[in-house]
Amino acid sequence: MRVAVVNWSSRRVGGVEEYVSILLPGLHRAGHDVMFWHELDVPQERQRIDVPPGVADICVADAGIESALHTLRSWKPDIIYIQGIQNLAVERQLLEVAPAVCFLHTYTGTCISGGKTFTRPAVVPCDRTFGWPCLLLYLPYGCGGRSPITMVRQFEQQSRRLESLRQYRGIVTSSAHMQVEMAKHGIIAKVLAFPIRSDTNAGTYVPMDSWRLLFVGRMDRLKGGECLLDALPAVATAGQRPIRLTFAGDGLEREKWETRAREVMAGTPNVAIEFLGWVAQDGIGRLFSDADLLVVPSLWPEPFGSVGPAAAQHGTPAAAFDVGGISQWLREGISGHLAPADPPTAEGLARVIVRCLEYPAHYASLRKGALEMSAQFTMEQHLCELELVLQDACANRKGADGRC
């Protein structure tokens with residue numbers, strides 16, 4: 001097949017772009033003709049997605065929209081595989097070029113702000129179906145900003161995105177949670193095994209006297225960094241040993257988290273916290289291998305949370321809130337422990353961190369379970385499932401409701 005992979009950015013901004021960075025060579029090795037078609041080459045400070053030799057690389061911002069679309073049409077793709085796109089008008093033009101499949105990585109078209117979270121009076125995941133009642137909840141429940149103008153603009157944009165989703169020949173996603181979310185909005189989605197990059201640069205796990213905790217990801221409010229910091233005193237008290245917490249990542253909340261970290265260290269003996277900033281992909285594996293436990297304190301319902309299986313391939317179990325698609329890979333008592341999330345609390349998170357680490361025999365079983373779980377998330381398995389969806393979308397040129 002001739003597959004045009006589309007994304008908004010050509011830089012490794014987050015989990016979506018990490019997926020694209022292993023998908024392109026995966027499709028190419030499988031014998032498909034591949035094009036990478038993207039809107040922007042930003043942010044410049046992030047590592048660029050490596051495009052394999054023989055894969056066409058088209059940037060709309062550089063070529064101009066008409067030229068980029070002309071190049072795509074001339075290439076004559078059998079299928080367009082869209083990950084995420086910012087410009088709705090461009091998306092609709094792409095849907096006219098060839099049959100299209102969308103990988104729904106986020107709550108596009110199913111949430112007025114995309115966060116799928118109430119923030120007032122407490123931060124709790126939202127499970128409502130997107131529609132006009134969201135306008136009534138937006139301001140009192142803190143669904144997004146505080147401006148009615150922003151509210152209306154976001155509602156109109158997400159309404160258009162939901163309508164666009166119904167024009168695809170297929171919708172795929174990474175978790176049963178997202179499959180249910182789409183079903184609530186009248187769209188059938190197929191769950192694919194999400195592929196994790198095989199890491200050959202990792203070190204060897206060596207047990208230490210301290211408990212070494214790791215956070216990897218974007219630093220914003222809904223990622224729960226403050227909640228994790230607030231949990232540390234209870235973890236230190238229960239563990240009766242040094243606690244070492246490493247933050248790898250960056251974002252708008254970093255300065256606030258660093259301030260809170262200094263307060264926690266000042267008031268809690270034997271707690272050390274470090275902030276590494278953004279870590280390149282080749283350094284993440286060593287962090288996973290050096291950690292005893294990955295903590296995923298997300299307060300919002302993560303559609304999947306690929307950092308969990310990535311850590312698990314090094315035998316690193318996880319503690320997290322039971323939100324969104326995290327239970328797709330964090331099997332309670334097998335590869336880690338889940339804290340209640342209605343609402344998520346620092347106390348609940350502290351309990352599951354301690355539960356993961358306090359008994360050596362149980363911790364050893366969690367490490368084994370994490371390794372076994374990670375074996376399900378390979379590019380080989382993903383491509384087997386994805387190719388069937390793409391072939392069906394090519395063959396089924398009737399209907400435009402996302403049903404293949």
Side-chain angles (χ1 to χ4, degrees), residues 1-12 15-39 41 47-60 63 68-85 91 94-105 168-174 189-201 281-282 304 306 309-310 313 374-399 402-404:
M1 281 185 292
R2 295 174 71 80
V3 184
V5 177
V6 174
N7 192 50
W8 76 274
S9 175
S10 63
R11 299 280 172 165
R12 291 185 178 178
V16 177
E17 290 70 40
E18 179 57 28
Y19 168 70
V20 173
S21 73
I22 61 175
L23 174 71
L24 294 174
L27 287 169
H28 189 57
R29 285 194 304 269
H32 301 288
D33 292 328
V34 184
M35 172 183 283
F36 182 34
W37 200 93
H38 48 93
E39 291 178 281
D41 186 31
Q47 184 180 359
R48 202 174 190 280
I49 293 171
D50 293 327
V51 179
V55 172
D57 185 0
I58 307 298
C59 179
V60 175
L69 284 169
H70 175 74
T71 300
L72 179 62
R73 292 189 189 99
S74 299
W75 193 70
K76 296 182 179 179
D78 295 312
I79 194 78
I80 298 177
Y81 184 34
I82 297 180
Q83 312 305 308
I85 196 158
E91 180 182 31
L94 288 172
L95 294 175
E96 296 173 357
V97 173
V101 169
C102 176
F103 194 136
L104 202 66
H105 295 273
Y168 282 88
R169 298 285 172 80
I171 302 289
V172 297
T173 191
S174 53
K190 181 176 179 59
V191 179
L192 304 185
F194 193 87
I196 301 300
R197 181 188 297 274
S198 179
D199 194 336
T200 58
N201 297 317
Q281 185 61 40
D282 58 2
F304 180 67
S306 59
Q313 71 173 314
S374 69
Q376 304 171 32
F377 300 103
T378 65
M379 178 55 73
E380 291 74 20
Q381 180 64 34
H382 179 74
L383 283 179
C384 284
E385 298 173 5
L386 175 63
E387 285 171 336
L388 292 176
V389 174
L390 299 183
Q391 289 165 2
D392 284 348
C394 289
N396 179 22
R397 294 177 180 268
K398 296 180 181 179
R403 294 173 172 81
C404 292

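The model shown is predicted, which means the values in this text are computed figures rather than measured ones.
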> What are the two closest heavy atoms between Pro99 and Asp78, and how far apart are they?
CD-O, 3.6 Å
> Residues in side-chain contact (heavy atoms from CB on, under 4.5 Å) with Ser10, at least two apart?
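Checked Ser10 against side-chain contact (heavy atoms from CB on, under 4.5 Å); matches are Phe36, His38, Asp41, Arg48.
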> Determine whether Met35 and Thr71 make a side-chain contact, defined as any pair of heavy atoms from C-beta on separated by less than 4.5 Å.
yes
> Identify the heavy atoms of Ala310 and Ile196 that sit nearest to each other, and give their distance.
CA-CG2, 3.5 Å
> Minimum heavy-atom separation for Ile82 to Ile80, with atom names?
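Nearest pair, atom of Ile82 first, then Ile80: CG1-CG2, 3.6 Å.
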> Compare every heavy atom of Leu383 with every heavy atom of Ala30, then report the nearest pair and how far apart it is.
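In this case the closest contact between Ala30 and Leu383 is CB-CD1, 4.3 Å.
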> With sequence neighbours left out, what residues match His382 under ring pair (Phe, Tyr, Trp, His ring centres under 6.0 Å)?
Tyr19
> Could you check whether any side-chain N or O of Ser21 sits under 3.5 Å from a backbone N or O of Glu18, counting only pairs where one atom can act as donor and the other as acceptor?
yes
> Using 0.5 Å steps for rounding, measure from the SG atom of Cys102 to the CG atom of Leu94.
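Going from SG on Cys102 over to CG on Leu94, the span is 11.5 Å.
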> Drop me the distance from Leu23's CG to Met379's CE, to the nearest 0.5 angstrom.
5.5 Å
> Any donor and acceptor pair, going by atom type alone, linking the side chain of Gln313 with main-chain N or O of Arg197 inside 3.5 Å?
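A pair under 3.5 Å: yes.
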> To the nearest 0.5 Å, what is the distance between CG on Leu390 and CZ on Arg169?
13.0 Å
> Counting C-beta onward and ignoring hydrogens, is there a side-chain heavy-atom pair between Ser306 and Phe377 closer than 4.5 Å?
no
> Among all residues two or more places apart in sequence or in another chain, which pass the salt bridge (Lys or Arg N to Asp or Glu O under 4.0 Å) test with Glu17?
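Expected list: none.
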> Verify side-chain contact (heavy atoms from CB on, under 4.5 Å) between Leu95 and Tyr168, making sure each step is shown before the conclusion.
CA-CA 7 Å; Leu95 294 175; Tyr168 282 88; 3.7 Å; yes
> Between Thr173 and Ala189, what is the shortest heavy-atom contact and its length?
CG2-CB, 4.3 Å
> Return the NZ to CZ distance between Lys76 and Arg2, rounded to the nearest 0.5 Å.
9.0 Å
> To the nearest 0.5 Å, tell me how far Asn7 CG sits from Phe103 CZ.
12.0 Å
> How far apart are the closest heavy atoms of Ile79 and Cys394, and which atoms are they?
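So the minimum-distance heavy-atom pair works out to CB-SG, 3.8 Å.
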> I need the Tyr81 OH to His32 NE2 distance, nearest 0.5 Å.
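Here the interatomic distance stands at 11.5 Å.
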> Short question: side chain of Gln83, backbone of Val16 - any donor-acceptor pair under 3.5 Å?
no
